[in-house]
Amino acid sequence: MIAHAVRVVATALVLAGCTATSTTSPALKTIDPAGLQATVAKLAGQMRVPGAVVVLRTPQGNVTAAVGTTELDAENPPTAGTRFRIASNTKTMTAALIMLLAQDGKLRLTDPVADYVPNVPNANDISIAQLLEMRSGLYNYTADPGFAATLDAQPAKVWTPQEGLEIAFRHPPEFAPGASYEYNNTNFTLLGLVAEKADGRPLADQFQDRLFGPLSLRQTSLPAAADAGAIPAPFSHGYMYGATRYALADDPYPADLRAAARSGALRPMDYTRQNSSYATAAGGAISTADDLATWIHALVSGRVFNADVQKQWLASPQAEDPADPDGKKYGYGISYQRFGPHAAMYYHGGELPGFNSFIGHDPENDVTLVIWTNLTLDADGRTTANAMLPAILDEIYTGLSI
């Protein structure tokens with residue numbers, strides 16, 4: 001959902017020291033397009049995913065593996081140019097915009113949120129940097145059970161950022177600012193309002209002028225709230241078993257739903273028309289696998305910021321769990337994890353009703369990877385694109401063990 005960046009990457013992934021099979025890097029295998037296609041097809045079949053796309057870019061070339069359909073009961077194969085809701089991968093864009101505004105001198109990361117948004121609990125003690133790092137301590141509005149119930153009862157409802165924040169602020173903060181890490185959509189909804197206050201323009205216009213336009217991301221957009229129930233063609237439908245709360249509030253699937261989904265007796269529901277305006281800066285963008293591959297490569301390789309801000313951004317990830325300093329890290333709207341001595345990725349994930357996705361770039365080996373599916377959770381409650389990730393990494397890197 002938009003409440004977790006990537007659920008399964010936290011699984012330990014270790015690269016053993018092996019003989020290189022690629023002249024490009026000792027960490028890379030020789031990429032086999034047919035093998036990658038077969039792996040994606042197998043995984044999608046096992047999880048009953050209607051459609052999935054993987055885009056892989058390495059020094060050996062570019063490979064796309066696409067399987068299934070964009071719509072149940074139809075033969076519409078997805079492509080790298082199929083639009084879908086990217087959910088929390090939007091956070092990488094919101095964070096990038098905030099860093100650009102800091103680069104321009106229009107804000108400072110040390111500024112308190114009180115300088116930009118009124119009536120926020122602990123606003124004088126929460127910095128913009130803490131919002132970026134998921135360390136504000138504010139309650140996550142998408143975790144509120146009543147919020148998910150409203151989405152199901154009124155799927156066409158047009159949301160404002162303030163409505164989401166009002167839900168968050170009805171709950172007491174989870175911890176003092178800076179005291180801990182908790183992945184939280186409230187932080188990025190606030191950052192969207194910070195950006196609009198600092199620059200004096202709508203978030204969508206800033207995304208287009210500062211990010212999408214300069215990088216020629218022609219299939220990427222942040223739709224207006226009233227238009228967020230539709231995806232421009234060519235697009236994929238998005239599916240999920242059961243109610244919205246299973247994606248947004250982390251409620252586990254009950255046993256009877258799991259059994260029916262596994263057997264095929266239960267068909268997933270079509271969530272394509274659910275208005276996603278509630279996600280805004282935290283997860284409201286639409287894009288394609290090709291555009292996202294261009295985006296994450298540009299972001300990590302230094303095409304978005306100046307050299308000083310790029311260095312600051314790359315150094316921002318810190319351990320989510322202080323007891324595991326070498327484990328999964330989160331920084332300024334980006335996750336980071338080493339898979340072994342020769343490979344690591346800056347990455348993010350996205351999940352909301354209908355879609356799951358992963359974007360990542362490994363600067364050491366110049367590997368860019370995008371995965372998306374049009375089924376949020378499989379019958380076992382796994383986020384589908386993220387569940388595919390370990391097997392796909394095994395197609396790319398030598399000696400991978402899980």
Side-chain angles (χ1 to χ4, degrees), residues 1-7 84-91 134 136-174 182-190 192 223 225-226 228-231 237-258 260-261 266-286 349-357 373-386:
M1 65 178 174
I2 59 169
H4 283 283
V6 173
R7 294 186 186 182
F84 67 99
R85 292 196 175 105
I86 71 172
S88 281
N89 289 310
T90 308
K91 291 181 173 69
M134 303 292 187
S136 72
L138 296 169
Y139 180 84
N140 183 10
Y141 71 95
T142 57
D144 183 282
F147 172 74
T150 300
L151 286 177
D152 287 334
Q154 304 176 55
K157 176 178 167 56
V158 176
W159 293 81
T160 66
Q162 290 78 9
E163 287 177 293
L165 294 177
E166 287 172 4
I167 293 171
F169 301 159
R170 292 176 199 151
H171 299 262
E174 302 285 346
E182 183 180 63
Y183 191 88
N184 186 326
N185 294 303
T186 300
N187 294 325
F188 274 73
T189 296
L190 281 168
I231 306 174
H237 288 245
Y239 299 92
M240 190 176 72
Y241 298 109
T244 294
R245 70 178 186 274
Y246 297 123
L248 296 188
D250 269 348
D251 283 1
Y253 280 154
D256 59 343
L257 187 152
R258 288 177 182 243
L266 177 67
R267 285 170 58 91
M269 297 170 58
D270 190 333
Y271 275 85
T272 311
R273 292 293 179 179
Q274 187 184 71
N275 188 298
S276 62
S277 55
Y278 64 85
T280 63
I286 291 167
E351 175 195 348
L352 48 63
F355 299 97
N356 187 222
S357 54
T373 71
N374 57 6
L375 180 71
T376 312
L377 306 168
D378 74 353
D380 293 319
R382 298 177 299 173
T383 50
T384 50
N386 298 323

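If you're wondering where the values come from, they're calculated on a predicted model, not measured in any experiment. Computation of the quantities below employed the complete heavy-atom set of this structure, encompassing side-chain atoms and omitting hydrogens, waters and symmetry-equivalent molecules.
No side-chain donor-acceptor contact under 3.5 Å links Thr189 and Tyr278. With hydrogens and angles left out, the side-chain atoms of Lys91 and Asn185 include a donor and acceptor closer than 3.5 Å. Side-chain contact annotation: Glu174 with Ser136, donor-acceptor N/O pair under 3.5 Å absent. Residues Asp144 and His171 bring a donor and an acceptor atom of their side chains to less than 3.5 Å of each other.
Heavy atoms only, all atoms of each residue included: Ile286 and Ala230 are closest at CD1-O, 3.9 Å. Residues Ala279 and Gly284 approach most closely at CB-N, 3.7 Å, considering heavy atoms. Nearest heavy-atom pair across Pro161 and Thr280 is CG-CG2, 4.0 Å. Across all non-hydrogen atoms, the minimal contact from Ala282 to Thr90 is C-CB, 4.3 Å. The two residues Leu248 and Pro353 have their closest heavy-atom pair at CD2-CD, 4.1 Å. Across Leu257 and Gly242, no two heavy atoms sit closer than the pair CD1-CA, 4.2 Å.
Each of Leu377, Thr376, Asn374, Thr373 was compared with Thr384 under the side chain to side chain contact (heavy atoms under 4.5 Å, CB included) criterion, and only Thr373 meets it.
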For side chain to side chain contact (heavy atoms under 4.5 Å, CB included), just list the numbers for Glu163 and Lys157, CA-CA rounded to whole Å, side-chain angles, deciding distance to a tenth of an Å, and then say yes or no. CA-CA 11 Å; Glu163 287 177 293; Lys157 176 178 167 56; 3.0 Å; yes
Using side chain to side chain contact (heavy atoms under 4.5 Å, CB included), reason through Ser88 and Phe188 one step at a time and then give a plain yes or no. CA-CA 10 Å; Ser88 281; Phe188 274 73; over 6 Å; no
Criterion side chain to side chain contact (heavy atoms under 4.5 Å, CB included) on Glu182 and Leu138, from CA distance to verdict: CA-CA 9 Å; Glu182 183 180 63; Leu138 296 169; over 6 Å; no
Apply side chain to side chain contact (heavy atoms under 4.5 Å, CB included) to Arg170 and Ile167, showing your working. CA-CA 5 Å; Arg170 292 176 199 151; Ile167 293 171; 3.8 Å; yes
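Side-chain atoms of Pro268 and Met240, non-hydrogen and from C-beta on, never get closer than 4.5 Å to each other. For the pair Leu375 and Asn356, the minimum side-chain heavy-atom distance is 4.5 Å or more.
Here the two rings, on Phe147 and Tyr141, have centers that are under 6.0 Å apart. When ring centroids are compared, Tyr271 and Tyr239 stay outside the 6.0 Å threshold.
With values rounded to the nearest 0.5 angstrom, Asp251 atom CG is found 11.0 Å from Thr244 atom OG1. In this structure, OG in Ser276 is found 7.5 Å from CD1 in Ile231, a value given to the nearest 0.5 Å.
A search for side chain to side chain donor-acceptor pair (under 3.5 Å) contacts involving Thr186 returns Asn184, not counting sequence neighbours. Residues that satisfy the side chain to side chain contact (heavy atoms under 4.5 Å, CB included) test with Asn275, not counting sequence neighbours, are Val158, Ala228, Ser277.
Side chain of Arg267 to backbone of Tyr241: no donor-acceptor contact under 3.5 angstrom is found. For the pair Arg245 (side chain) and Ala148 (backbone), a donor-acceptor distance under 3.5 Å is absent. Side chain of Arg258 to main chain of Asp380: a donor-acceptor pair is present (N/O by atom type, distance under 3.5 Å, no hydrogens or angles).
Taking the six-membered ring for Trp and thresholds of 30 and 60 degrees, Phe84 and Phe355 have ring planes inclined between 30 and 60 degrees apart.
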